[in-house]
Amino acid sequence: MKRSFKIIAGIISGCALWCCCNTKTSTTSVVDKIKLPQDVYPSCTVTPAMFNSWFASGKAEPNGLVLPANSVAFQHQNNCEFYQWSENMFLWLTSPNAKQYGSENTVLESPLFYDVLPADSTGNRKLQPHTANSPLRMASHVTKNGPNRLPVIIDTKGRMLEVETAESAPKAKALVKSAAGAQVEVDHVSLDSKGAFVFMDKAGKVIQHPQAIIRHKLNQKNIVERFTAGGRSVFLDAAGNQVQTEAGQATGDVLMAQNGSLVYYLTMVNDVYAWFLTGATNGKLSANTFPTTQGALDSIITYAKANNVTLPDSNTLAMELKTSWVEASSLSNASDYVTVMATIPTYNTSNPQQWIPNGEKTVKMALVGMHIVGSVAGHPEMIWSTFEHQSNTPNAEYQYIDSNVSHMTNVDKNFNSTDTITADSGFTITPSNTLSALPWGSAKDSVTNQEDQSSAASNSEIISINNNIRSLLGDKDVRANYLLIGATWTSGGAPPTGGVYGLNGTAPGVSIGTSVLANSTMETYFQQPKFSCFTCHSSSVPALNPDSISHIYGKIIPLITVHNDMEKKKKGK
């Protein structure tokens with residue numbers, strides 16, 4: 001027997017920096033609670049005894065402090081252990097009353113974590129340590145980067161392309177190759193009477209068949225250069241093709257909720273990650289892979305101790321987090337969200353087509369999404385998991401296996417179809433509807449593009465553990481309002497290749513688990529059945545070194561300077 005299941009549209013709606021934002025907003029309301037299928041086959045669960053062991057008190061209690069998963073001792077026989085690790089870590093990170101970690105609020109806000117500040121003019125990032133009663137600092141945009149650490153777009157053919165800026169240096173003029181093969185300086189790009197882009201040289205002449213001069217050497221066929229004209233962008237490849245993109249598939253995305261709040265973002269790393277990076281950068285620790293063994297962890301602990309730093313709960317190993325938030329004051333049910341205090345940018349919104357930064361404010365923020373990435377025993381490529389609040393977005397149709405294990409059941413869909421924030425020409429900055437196109441991150445058949453028995457089984461595992469955790473937490477725990485969307489990794493910890501596991505068996509280096517994972521608040525416009533986390537978090541030559549896995553690792557300034565400055569301040573020097 002097949003059953004239908006409907007989910008009402010929620011709060012999160014997409015509005016990209018360069019998108020054609022809708023001029024009409026939907027009238028859908030915030031979901032009270034997503035009703036997951038209760039007849040799903042319980043293929044992935046946590047026993048009450050295991051769940052109790054996660055809590056510091058040894059017994060589950062509403063909003064109680066949870067201990068982190070032991071990543072050094074991580075063992076697995078199937079996918080479920082990866083999902084259990086993810087759930088354990090999320091409950092730990094969002095645990096309130098984390099006084100044993102030096103936080104009056106959540107573990108996220110404790111000194112175990114560092115904010116990764118936005119890149120400076122040289123592209124480098126600093127780590128800002130968390131201190132008691134200090135607000136976090138969030139940004140209003142998120143940039144999706146590819147293997148070359150360049151922003152990416154999706155073209156109308158569904159290809160993911162990386163984007164170079166046309167100017168090689170500030171105030172420099174862009175160069176293209178002409179039809180004759182000569183390098184020509186582009187004075188400007190204009191639109192002709194038919195709306196086509198025309199490239200002009202400094203003499204005011206049309207450059208015939210201009211071709212992009214791609215500066216990055218690796219994977220050039222998947223790189224384009226970006227030019228702007230009349231408030232619109234044109235992307236040009238090395239063959240001279242003007243690449244067309246889907247509306248909203250742009251770089252530097254900005255997201256707006258249906259209630260008008262922008263979505264803000266914050267990247268963090270834990271103390272083990274920070275001191276591993278510092279020691280590796282300074283040549284004191286092996287930098288071949290993120291730590292996965294007790295021996296590697298002991299070296300990091302010893303190195304940190306030599307710098308007068310202890311690492312409590314270091315068995316977490318290296319962790320990298322990306323989180324998304326909305327202003328709590330914009331929600332009618334803010335008590336249903338994990339909240340923190342944070343400083344966010346503010347804007348002059350008098351022009352509906354362009355919002356100009358005009359300062360900042362410190363306000364309460366509500367968590368809507370979280371990526372948890374962590375190294376574990378046997379997996380230096382890390383586990384990549386993601387969570388969303390239950391009220392974020394409606395789901396597209398998906399299949400699952402019910403408790404009779406006799407059929408697949410369809411779930412129906414029901415939904416309405418730089419720091420300055422700029423709408424595309426002819427549009428205003430307003431919310432637009434967003435759909436979770438790939439609920440639970442399961443891959444489809446590469447030939448039919450339809451879900452099959454294996455994807456239904458994958459969906460069932462995620463739905464099953466969500467139902468299980470919700471039941472064990474109870475209605476009084478705010479964390480029960482968040483859903484595990486999925487987690488992915490590679491077979492045997494092999495170097496990621498960027499591929500997605502399909503129906504031909506598990507190949508080393510491809511993404512497995514929930515292999516086409518996407519968070520609607522962070523990969524809003526990159527929900528594609530052929531993309532995985534490792535599509536971007538990998539290199540053209542498969543490798544496990546941290547700089548190939550992480551987009552921020554190679555740009556972070558080591559901690560020694562930060563902590564030396566802090567020690568001097570403590571001593572009054």
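Please read these numbers as outputs of a predicted model, since none were measured by experiment. Values below: all heavy atoms of this structure, side chains included; hydrogens, waters and symmetry mates excluded.
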Exercise. Less than 4.0 Å between a side-chain N and a carboxylate O, is that true for Arg479 and Glu87?
Worked result: no

Seminar exercise, completed: Between Phe113 and the options Thr106, Asp271, Leu321, Leu136, the side chain to side chain contact (heavy atoms under 4.5 Å, CB included) test singles out Leu321

Exercise. Is the backbone N or O of Ala98 less than 3.5 Å from a side-chain atom of Ser103, with the two atoms forming a donor-acceptor pair by type?
Worked result: no

For this session: Please examine the side chains of Met370 and Thr94, heavy atoms only from C-beta on, and report whether any two atoms are closer than 4.5 Å.
Result: yes

Exercise. Hey, does Met268 have a side-chain heavy atom less than 4.5 Å from the side chain of Tyr114?
Worked result: no

Exercise. Below 4.5 Å, heavy atoms only, C-beta onward: do Val189 and Val198 meet side chain to side chain?
Worked result: no

Problem set entry | Within the 6.0 Å centroid threshold, strictly below: Phe387 and Tyr482 | no

Exercise. Is there a donor-acceptor pair under 3.5 Å between the side chain of Arg470 and the backbone N or O of Ala480?
Worked result: yes

For this session: Would you check if there is a donor-acceptor pair between the side chains of Glu320 and Ser550 at a distance under 3.5 Å?
Result: yes

Exercise. Any donor and acceptor pair, going by atom type alone, linking the side chain of Thr131 with main-chain N or O of Ser134 inside 3.5 Å?
Worked result: no

Exercise. Considering only heavy atoms from C-beta outward, does the side chain of Pro68 approach that of Met89 to under 4.5 Å?
Worked result: yes

For this session: Answer yes if the ring centres of Tyr273 and Phe290 are under 6.0 angstrom apart, and no otherwise.
Result: yes

For this session: With the side chain counted from C-beta on, respond yes when Ile372 and Trp384 share a heavy-atom pair under 4.5 Å apart, and no when they do not.
Result: no

Exercise. Any side-chain donor paired with an acceptor under 3.5 Å for Thr323 and Trp325?
Worked result: yes

Exercise. Asp477 side chain to Leu473 main-chain N or O, any donor-acceptor pair under 3.5 Å?
Worked result: no

Exercise. Less than 4.5 Å apart, any side-chain heavy atom of Leu236 and any of Phe197?
Worked result: no

Exercise. Does a donor on one side chain sit under 3.5 Å from an acceptor on the other, for Glu327 and Ser330?
Worked result: no

Problem set entry | Test item: Pro291 and Ser375 side chains (from C-beta on) under 4.5 Å apart, heavy atoms | yes

Exercise. Quick one: do the Ser71 and Trp85 side chains pair a donor with an acceptor below 3.5 Å?
Worked result: yes

Problem set entry | Student check: side-chain heavy atoms of Leu127 and Leu117 closer than 4.5 Å | no

Problem set entry | Donor-acceptor contact present, side-chain Asp547 to main-chain Tyr553, <3.5 Å | no

Exercise. So, Thr281 side chain and Pro558 main chain: donor-acceptor pair closer than 3.5 Å or not?
Worked result: no

For this session: May I ask you to check whether Asn270 and Thr316 show a side-chain donor-acceptor distance below 3.5 Å?
Result: yes

For this session: Using the side chain to side chain donor-acceptor pair (under 3.5 Å) rule, take Asn481 and His389 through it: C-alpha gap first, then chi angles, then the decisive distance, then the call.
Result: CA-CA 6 Å; Asn481 296 319; His389 193 272; 4.6 Å; no

